[in-house]
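Below is one structure; the comments refer to it alone.
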Amino acid sequence: MEWMRRAACADTDPELFFPVSSEGPGAVQREEAKRVCTGCPVRAQCLEYALESKQRSGVWGGLDEHERASLHRGRRSRLRSSGTGRH
Ligand code: SF4
């Protein structure tokens with residue numbers, strides 16, 4: 001994917017974006033990853049990719065897995081209430 005070449009995290013340790021825990025050092029790591037995402041020029045593309053490919057872990061597009069799940073649920077709910085959803 002072309003957008004990945006412009007990622008702000010291209011030269012960052014990938015492990016930063018996949019903390020093993022959501023508490024303690026893992027929480028610090030996750031916030032540090034989100035800070036990298038804040039200035040990323042391809043943040044929107046990254047987030048869409050993560051949502052479409054159902055990435056279950058890690059920080060993508062500045063959001064962790066819980067935040068993405070919440071965003072996904074909100075989108076599905078809006079689609080359903082507008083009558084354009086599939087379910
Ligand atoms: S938004 Fe974050 S995880 Fe996605 S490419 Fe940019 S820096 Fe990397």
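These numbers come from the heavy atoms of this one structure, side chains and all, not from hydrogens, waters or symmetry mates. When a ligand or atom number is given, it counts from 1 through the structure's own listing order.
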Protein heavy atom at shortest distance from [atom]:
{"atom": "atom 2 (Fe) of ligand 1", "value": "Cys37 SG, 2.3 Å"}
{"atom": "atom 5 (S) of ligand 1", "value": "Ala7 CB, 3.4 Å"}
{"atom": "atom 4 (Fe) of ligand 1", "value": "Cys46 SG, 2.3 Å"}
{"atom": "atom 6 (Fe) of ligand 1", "value": "Cys40 SG, 2.3 Å"}

Inspect the contact between Glu48 and Arg75 and indicate whether a charged nitrogen and a carboxylate oxygen are less than 4.0 angstrom apart.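 Looking at Glu48 together with Arg75, the answer is yes, because their closest N to O distance falls below 4.0 Å.
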Is there side-chain contact between Glu67 and Lys34, with heavy atoms separated by less than 4.5 Å?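 Touching, per the 4.5 Å side-chain cut-off.
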Side-chain touch Trp60/Leu51, heavy atoms, less than 4.5 angstrom: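 The answer is no, as the side chains (C-beta and beyond) never meet within the 4.5 Å cut-off.
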Distance under 4.0 Å to a non-hydrogen atom of Gly61: what atoms of ligand 1 satisfy this?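 Result: 1 (S), 4 (Fe).
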Under 4.0 Å to a heavy atom of Val59 - the qualifying atoms of ligand 1, by number: 3 (S)
Measure from the side-chain N and O atoms of Gln45 to the backbone N and O of Met1, and report whether any donor-acceptor pair falls under 3.5 Å. no
Is there a donor-acceptor pair under 3.5 Å between the side chain of Arg68 and the backbone N or O of Gly58?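 Pair found, side chain donor or acceptor close to backbone of Gly58.
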Polar contact flag, side-chain donor to acceptor under 3.5 angstrom, Gln55-Ser53: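 Looking only at side-chain atoms, Ser53 and Gln55 do form a donor-acceptor pair, the distance falling under 3.5 Å.
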Between Thr12 and ligand 1, find which residue part has any heavy-atom pair under 4.0 Å and reply side chain, backbone, both or neither. neither
Has Cys9 got an N/O/S atom less than 2.8 Å from atom 8 (Fe) of ligand 1? yes
